[in-house]
Amino acid sequence: MTGADAIRAELRRAAAAIGAGDDVDVVLQRPSDPAFGDWTTNLAMTLARALRRKPREIADDLIAHLQLADAGVRAAEVAGAGFINFRLDPAFAARGVADVLRQDAAFGRVPPAGDGVAVVEFVSANPTGPLHVGHGRQAALGDAISRLLEWSGVRVSREFYYNDGGAQIANLARSVLAHLRHLGGAALEIPEGGYHGDYIREIAERFAEEHPDHAARHDDAAFQEEVRRHAVAALRQEQNLDLQAFGVAFDTYYLESSLYAPGSAASAARSLGASDGESAVDATVRALVRAGATYEQDGALFLRTTAYGDDKDRVMKRSAEKGGDYTYFVPDVAYHVTKWDRGFRRAINVQGSDHHGTVARVRAGLQALGVGIPQGYPDYVLHQMVTVMRGGEEVKISKRAGSYVTVRDLLDWVGRDAVRYFYLQRKGDSHLVFDVDLARSQSEENPIYRIQMAHARMSGIFRQGGLDPATFDGSGVDWAQLAAPAELELINALVDFPRVVAQAAEHLEPHRLAQYLLDTAGLVHGWYHKHHVLGQEAPLQEARLALARAAQIVLRNGLEVLGISAPDRM
RNA sequence: GCGCGUGUAGCUCAGUUGGAUAGAGCGUCGCCCUCCGGAGGCGAAGGUCGCAGGUUCGAAUCCUGCCACGCGCGCCA
């Protein structure tokens, strides 16, 4: 039992003793100001109403009933409107460092429990162009969320979904074809809705080199299909290289086109009760019709998504004069059925907030199926836009003209670690300004440099002393040596690491950890400047080496969770 | 018009799910220094938490109404 758990248990006992019942919810937290002690509780204030007594009076009463010697508490005092502040015996607090040393690389990590697997879907960019800065944010967020869950004992499968069947791909193929015609002597005419980037021309040129006879076949349907496949393959290859450079790897790539394949319902969407040879999208439509969730109007088939919180009903199947095919919405629902049927009882989708309109729709579709998929399935983590600042001004993004900042650009400019950190520093809900100049600066103004430097400094101490940090397990250390305020504050921060990871995972918010690492790095630097480790008398040096080792472990583990390296020297 | 999100120091942003005097980095100003890495260290100034109400012991946080900005609202994906 940690000190905090012991205090919590004692508070619960004391509350019962003064007549508050034995199911009180005890909140114990770090005080806003370290001067208030190591832990604080507002318990007396929350009990005031039920007990009809003054908070400070209750606080006094609670303290009188507390037996805190075993919890390492040196003092418990009433403060402010009725807070109870606890001060730990310094030697007891410092003992938390021993935990860190003992658990080492596993400190903050919860072993996998149960046999469930969560699927995290992210990036899912159409193969119609390079990955831009928005996809980069998704890549960083999705991977960090996956890592957070893994550290919290959840098995995770990372998935990339390709919309490889829709109109966008047709536009891509037609755009490449336009360049091929141009190479054959025709004027360049990018079709309506087509793509304008230089990469389209490059794809066409490469294709032309491989097919010297192309000019004669432009109007041949089989040839056009060949162009489409070539373009998709080329762009997928480009995206994969970008992701590789970013250090993001997926377990599965799910193709939208597979949902249209005959027999796909039986293999991937069994809960719909598929018959032989039926595709997943057909089975989805059939199940929705059978559930009575649809109606026909103007020759089209609508789904009553309004019955599940959407603001208007959605077309599932277009009328005959519009082509009679399914809207994007049907494969989207079918795709999520396959997640459920593949055994993923938890699904998290990381997407740009421009997709927020689809959230209610997909969930409505899944609900309407009536196959037992819960209401909040899947979870969504939506993020706002990214703007890039360089040389003091915003780098303009013009997708239309085909010029925009790509993930590859950012990686080339500032490196993988800085790109990841800058993406993860802000919560997804807020608009992100990516300051390229700051990200590449080699000084402690740069948050990622500051954090990595703190780690490198800890490594440097051991290097300088000719010591192997891995041999420090805290045994024989006199923890009472660590009594300076800067040391106790640092210790508290290090000990909190597992809680920070757990909460960041619970809320799917990696920025909490990014912020924690920056704050902790600040404490490390402050301690480092104020208190020398090497050259002290033996007991003090040993204790400080243990603390340095613990700081090194926490920084390294924290960076690991975010997918960032922890160098031993900068 | 409707929906989602955002609005906190000059700038970029946190704020532990309702707690104490609202924090960090940068920028500004002042002082110090070259010691395990000086590309530093210490300190100060700087905020009507968009505005107005409400809820209660207590609100940046919850509720309501406005204002501003972003995104979305197609038989596009």
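Throughout, protein chains are lettered first and strands after them, A, B, ... in sequence-line order, and every chain is numbered starting at 1.
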Can you measure [X] atom [atom1] to [N] atom [atom2] for me and round it to whole angstrom units?
X	N	atom1	atom2	answer
Gln384(A)	rG7(B)	CD	P	10 Å
Tyr328(A)	rG74(B)	OH	C1'	9 Å
Leu424(A)	rC13(B)	CG	P	15 Å
Phe422(A)	rC13(B)	CZ	C1'	12 Å
Leu47(A)	rG19(B)	CG	P	16 Å
Asp519(A)	rG23(B)	CG	C1'	9 Å
Asn126(A)	rC76(B)	CG	P	16 Å

Just N and O in the side chain of [X]: are any of them under 4.0 Å from OP1 or OP2 of [N]?
X	N	result
Lys312(A)	rG3(B)	no
Lys322(A)	rG74(B)	no
Arg318(A)	rA77(B)	yes
Arg512(A)	rA14(B)	no
Gln464(A)	rG37(B)	yes
Thr128(A)	rA77(B)	no
Arg457(A)	rG38(B)	yes

Donor-acceptor pairs under 3.5 Å, side chain of residues 375-382 of chain A to any protein atom, not counting sequence neighbours: which ones?
| from | atom 1 | to | atom 2 | distance (Å) |
| --- | --- | --- | --- | --- |
| Tyr377(A) | OH | Trp340(A) | N | 3.4 |
| Tyr377(A) | OH | Phe344(A) | O | 2.8 |

query = Going through the checks in order, is the salt bridge (charged side-chain N to carboxylate O under 4.0 Å, His left out) test met by Asp5(A) and Arg8(A)?
reply = CA-CA 5 Å; Asp5(A) 290 333; Arg8(A) 221 173 271 125; 2.9 Å; yes

inquiry  = Can you tell me the base-pairing partner of rC76(B)? Count Watson-Crick or G-U wobble geometry only, both distances below 3.5 Å, and say none if there is no partner.
reply    =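 No nucleotide pairs with rC76(B).
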
message = Going by side-chain hydrogen bond (donor to acceptor under 3.5 Å, both in side chains), name the residues that satisfy it together with Glu487(A), two or more places apart in sequence or in a different chain.
response =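 Testing Glu487(A) for side-chain hydrogen bond (donor to acceptor under 3.5 Å, both in side chains), a comparison that skips the adjacent residues, returns Trp527(A), Arg544(A).
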
With rounding to whole Å, what would you report as the distance between [N] and [M] at their [atom1] atoms?
N	M	atom1	answer
rA60(B)	rG18(B)	P	13 Å
rG23(B)	rC49(B)	C1'	12 Å
rG50(B)	rU8(B)	P	6 Å
rU16(B)	rC76(B)	C1'	43 Å
rA24(B)	rC35(B)	C1'	27 Å
rC66(B)	rA9(B)	P	25 Å
rG40(B)	rC33(B)	C1'	8 Å
rA59(B)	rA22(B)	P	12 Å

Is [X] side chain donor-acceptor paired with the [N] base, going by distance under 3.5 Å alone?
X	N	answer
His356(A)	rG3(B)	yes
Asp33(A)	rA22(B)	no
Asp429(A)	rG5(B)	no
Thr40(A)	rA20(B)	yes

Under 4.0 Å, heavy atoms only, any strand: does [X] hit a base, just the sugar-phosphate, or nothing?
X	value
Met389(A)	nothing
Ser319(A)	base
Lys427(A)	sugar-phosphate
Gln503(A)	sugar-phosphate
Ala300(A)	base

task = Considering non-hydrogen atoms only, spot the tightest contact between Ser264(A) and Ser279(A) and give its length.
result =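 Distance-wise, the nearest heavy atoms are OG-CA, 3.3 Å.
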
query = Would Asp310(A) and Arg304(A) pass as an ion pair if we require N to O under 4.0 Å?
reply =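 No, Asp310(A) and Arg304(A) are not salt-bridged.
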
Gln297(A) atom CD, neighbour heavy-atom count above 12 within 6.0 Å =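 Yes, CD of Gln297(A) has more than 12 neighbouring heavy atoms, counting only those of other groups under 6.0 Å.
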
inquiry  = So for atom CZ, which belongs to Arg569(A), do other residues, nucleotides or ligands contribute more than 12 heavy atoms lying within a distance under 6.0 Å?
reply    =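 Open: at most 12 neighbouring heavy atoms sit under 6.0 Å from CZ of Arg569(A).
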
